[in-house]
There are 2 protein chains.
Amino acid sequence: MSTHYKGTKEEVSALDCFIKLLRASESVNAAAVRQIQANGLTESQFGVLEALLHLGTLNQNQLAGKILKSGGNITLVIDNLLKHGLVVKEKRSDDRRCYWISLSGRGKELISRIFPEHVRIITERFAALDSEEQKQLALLCRKLGTANHNQEEEK
Amino acid sequence: MSTHYKGTKEEVSALDCFIKLLRASESVNAAAVRQIQANGLTESQFGVLEALLHLGTLNQNQLAGKILKSGGNITLVIDNLLKHGLVVKEKRSDDRRCYWISLSGRGKELISRIFPEHVRIITERFAALDSEEQKQLALLCRKLGTANHNQEEEK
DNA sequence: ATTAAATGCTTTAATATTAAACTATTTAAT
DNA sequence: ATTAAATAGTTTAATATTAAAGCATTTAAT
């Protein structure tokens, strides 16, 4: 995480790139998180509501995958959303190990109101890059993400 | 955070780019975190040790800035590093509000051993991009981060 | 010199997160 | 049909994180 490290050309380049990647994503994300918290939600709660809005009813396992959190954590996140009356949890009849999680009326109202604002904030931040640059950035990130994903699988 | 959102061209492009940026940095970071944890450190502890290795003695405030965590949190992180005998904490004589935090012998030995491996892991992941692509990615990220940084200041 | 504000750090309380052990249920193998 | 393995979710214990309030010290204003 430093620009002071003496290594090979490849290492210096990769490390430098990594730091800038982290900083950029942290920086944009910070703006998003501020808005999310201003609306009384945690990042995880927002992630769950957003997934339910755009993908419809899901079970907890699927939600855990979507927001990259552990199963145990999802139990608590859903629990808190239930307390706030933002989601509905129903035991499935066809597989009684699972629950259907979906948006309540209030939940749908909330996330439908917040999400466009969320998009606006992200879009504002990305205005620093023109359309072509965004396309390039997305491509490079995908290349990096995909390559890494494959490496995970190999193990 | 969805590819299902119907918005303007700008919004769809920004959102898509944002998701890929997040995924890419999460993906590379995950590999780094695995190694850090395998060595019995938390991400924050690693960040502090790394800062001390490359920047020398710092006070807690400076460390908080480096690893982007709250002051209260640094107190605990340093405390835990002290317990493991990896850092040294000395009250400054010229400003008795501050402490000098520096690496202990063991701490220096540990981070000096771990860091090159850390670099190797990052470099491996970034091998998915050639030198020119890395330069482009770094540039785009810097542009994004810098722009955002400015927006923070404005408020 | 005195006082007010700022700074550096700690403590506390609330919340989030994970890993691991656990229960209940379903699927697959024989 | 019985049993073993896999899957979905919960609980628990340990740790991390933050925000806010507090203490000690330094700096700046008068």
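Every chain is numbered from 1 and lettered A, B, ... according to where its sequence line falls, protein lines coming before strand lines.
Under the Watson-Crick or G-U wobble criterion, with both distances below 3.5 Å, D/dT30 is paired with C/dA1. Shown here, D/dT17 forms a base pair with C/dA14; the pair counts as Watson-Crick or G-U wobble because both key distances fall under 3.5 Å.
Applying the salt bridge (Lys or Arg N to Asp or Glu O under 4.0 Å) rule to pairs touching residues 110-123 of chain A yields A/Glu109-A/Arg113, A/Glu117-A/Arg120, A/Arg120-A/Glu124, sequence neighbours excluded. Residue pairs that meet the salt bridge (Lys or Arg N to Asp or Glu O under 4.0 Å) test with at least one member in residues 75-93 of chain A, sequence neighbours left out, are A/Arg92-A/Asp94.
As a whole-Å value, the separation of B/Gln37 CD from D/dT15 C1' is 11 Å. What separates NZ of B/Lys69 from P of D/dA19 is a distance of 12 Å, to the nearest Å. Distance CD (B/Gln45) to P (D/dT15): 11 Å, rounded to an integer number of Å. Rounded to an integer number of Å, the gap from CG of A/Asp94 to P of C/dA24 is 20 Å. The distance from atom NZ of A/Lys83 to atom C1' of C/dA14 is 12 Å, rounded to the nearest whole Å. Here the P atom of nucleotide D/dA8 and the CG atom of A/Leu63 are 13 Å apart, to the nearest Å. With rounding to whole Å, B/Arg34 atom CZ is found 14 Å from C/dT18 atom P. In this structure, A/Arg96 atom CZ and D/dG9 atom C1' are separated by 13 Å, rounded to whole Å.
Using a 4.5 Å heavy-atom threshold, the side chains of A/Thr42 and A/Asn80 count as separate.
Looking at residues two or more places apart in sequence or on another chain, you find a side-chain hydrogen bond (donor to acceptor under 3.5 Å, both in side chains) between B/Ser13 and A/Gln134. The side-chain hydrogen bond (donor to acceptor under 3.5 Å, both in side chains) search around B/Arg106 returns none, not counting sequence neighbours. For A/Gln45, there are no side-chain hydrogen bond (donor to acceptor under 3.5 Å, both in side chains) partners at least two apart in sequence or on another chain.
Side-chain N/O atoms of B/Thr42 include none lying less than 4.0 angstrom from OP1 or OP2 on D/dT15.
Between B/Phe126 and A/Phe18, the ring-plane angle classifies as perpendicular under the 30° and 60° cut-offs.
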Review item, nucleotides 9-12 of chain C N/O atoms under 3.5 Å of protein N/O:
unit_1, atom_1, unit_2, atom_2, d
C/dC9, OP1, B/Gln60, N, 3.3
C/dC9, OP1, B/Tyr99, N, 3.1
C/dC9, OP2, B/Gln60, N, 3.4
C/dC9, OP2, B/Asn61, N, 2.7
C/dT10, OP1, B/Lys89, NZ, 2.4
C/dT10, OP2, B/Gln60, OE1, 3.3
C/dT10, OP2, B/Gln60, NE2, 2.7
C/dT10, OP2, B/Thr75, OG1, 2.7

